[in-house]
Amino acid sequence: MRRLRTHLAGALLSVLALSLTTTACGGSSDATSPAPAAASTTTADRVEPLDSTPRPRLPVTVRSADGREVTVEQAKRIVPLSGSLSEIVFTLGLGDRVVARDVTATFAQAAALPVVTRGHDVSAESVLSLRPDLVIAESTTGPDEAMAQIRAAGVPVLVVEGATGLDDVGPRIQTVAEALGVPSAGEELTRRTKERVAAVAESVPAEKDEPRVAFLYLRGSASVYLIGGRGSGATSLIEAAGAVDAGAESGLEKDFTAITSEALVKAAPDALLVMSKGLESVGGVDGLVKIPGIAQTPAGMDRRIVSVEDGVLLNYGPRTDQVLASVVEQLYGEGGAR
């Protein structure tokens with residue numbers, strides 16, 4: 001389940017583009033400047049850096065989530081080991097310093113970088129071959145032996161606490177920014193992201209009854225069908241979209257529980273939130289409603305499905321406003337898969 005949580009937090013291989021769009025690549029600044037309240041136009045599946053390039057002030061010593069004190073002497077060759085962390089580095093305006101990616105960093109600016117993971121496990125040899133001066137990892141990044149090998153080679157490794165909800169967006173951005181010597185850029189990006197998320201949340205239509213949304217994790221090829229409960233990571237996103245987390249509200253205490261007809265009846269979801277590749281793996285909406293119990297729920301009967309690309313759904317980073325906007329659009333508009 002530890003590895004599953006990593007996948008659901010944005011560490012799944014993703015090949016589908018984000019359904020909404022962002023502004024084309026620019027730079028980032030360590031100076032504070034006004035930020036727009038909502039993301040603007042054009043190219044899909046790109047991150048949007050801040051307005052001017054920051055100048056890192058190093059060395060700095062920061063506390064890693066694993067309890068270690070990490071001193072960053074320079075950050076000219078950075079290896080972020082998750083899609084979410086890569087998004088933060090690029091959006092801060094330091095993407096030209098990133099020399100590798102893991103399989104979940106599929107946005108356009110990072111797509112050509114060498115991959116240093118096999119499946120979702122880090123290859124220490126691949127990382128070290130690129131001579132990084134800083135590796136940034138999630139608290140769930142592994143295997144432990146690979147991370148120990150990287151540290152033993154003298155490379156600073158900053159571990160960032162994994163994201164479980166919207167409240168984690170700002171702290172994660174600020175942690176990375178401080179380690180890179182650009183704390184002001186981190187403050188600016190945090191403010192911009194919060195403003196955009198708030199703008200989307202304010203756009204949620206006022207309904208008489210809040211829709212009940214169940215988060216499902218699906219992998220048809222492995223016959224894995226799970227419903228999210230408390231701690232799945234989806235609750236705050238669902239609530240920001242003006243809905244109720246049906247799994248958590250129905251009393252599912254575990255992060256994920258195997259789907260049963262009884263669990264679905266108790267949850268009684270009006271809509272189902274799924275990852276795009278998960279939906280694809282069960283044969284789309286037609287295949288989803290064939291899973292026992294799905295067709296008997298209000299969501300199944302109405303074929304009310306909200307699908308978001310795997311690699312960004314639970315990233316809780318600079319593109320969270322786009323994820324939330326996609327959920328809102330599909331939940332209340334005509335864009336949902338049916």
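The model shown is predicted, which means the values in this text are computed figures rather than measured ones. Throughout, residue positions are numbered sequentially from 1 according to the sequence presented.
Shortest non-hydrogen contact noted between L113 and V99 is CD2-C, 4.0 Å. Residue S84 comes nearest to E138 through the heavy atom pair CB-OE2, 4.1 Å, listed as atom of the first residue, atom of the second, then distance. Among all heavy-atom pairs drawn from Q174 and E187, the shortest one is OE1-N, 3.2 Å. For the pair G93 and P54, the tightest heavy-atom approach, listed with the atom from each and the gap, is O-CD, 4.1 Å.
Ionic pairing of K194 and D167 is not present here: no N-O contact between side-chain nitrogen and carboxylate oxygen is shorter than 4.0 angstrom.
Atom CZ of R219 and atom CD of E280 lie 9.5 Å apart (nearest 0.5 Å). Summarising the geometry, atom CZ belonging to R196 is positioned 12.0 Å from atom OG1 belonging to T320; distances are rounded to the nearest 0.5 Å. To the nearest 0.5 Å, atoms CG (D121) and OG1 (T141) are separated by 10.0 Å. Going from atom CG of L189 over to atom CD1 of I173 covers 4.0 Å, rounded to the nearest 0.5 Å.
If you chain together hydrophobic residues whose side chains sit under 4.5 Å apart, V70 and M147 never meet in one group.
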Evaluation steps, side-chain contact (heavy atoms from CB on, under 4.5 Å), between E178 and V60: CA-CA 8 Å; E178 288 174 1; V60 297; over 6 Å; no
Step-by-step side-chain contact (heavy atoms from CB on, under 4.5 Å) determination, V213 to V327: CA-CA 11 Å; V213 178; V327 172; over 6 Å; no
Test log, rule salt bridge (charged side-chain N to carboxylate O under 4.0 Å, His left out), inputs D45 and R319: CA-CA 10 Å; D45 204 24; R319 294 199 287 174; 3.3 Å; yes
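Here the side chains of I88 and V160 are not in contact, with every heavy-atom distance at 4.5 Å or above.
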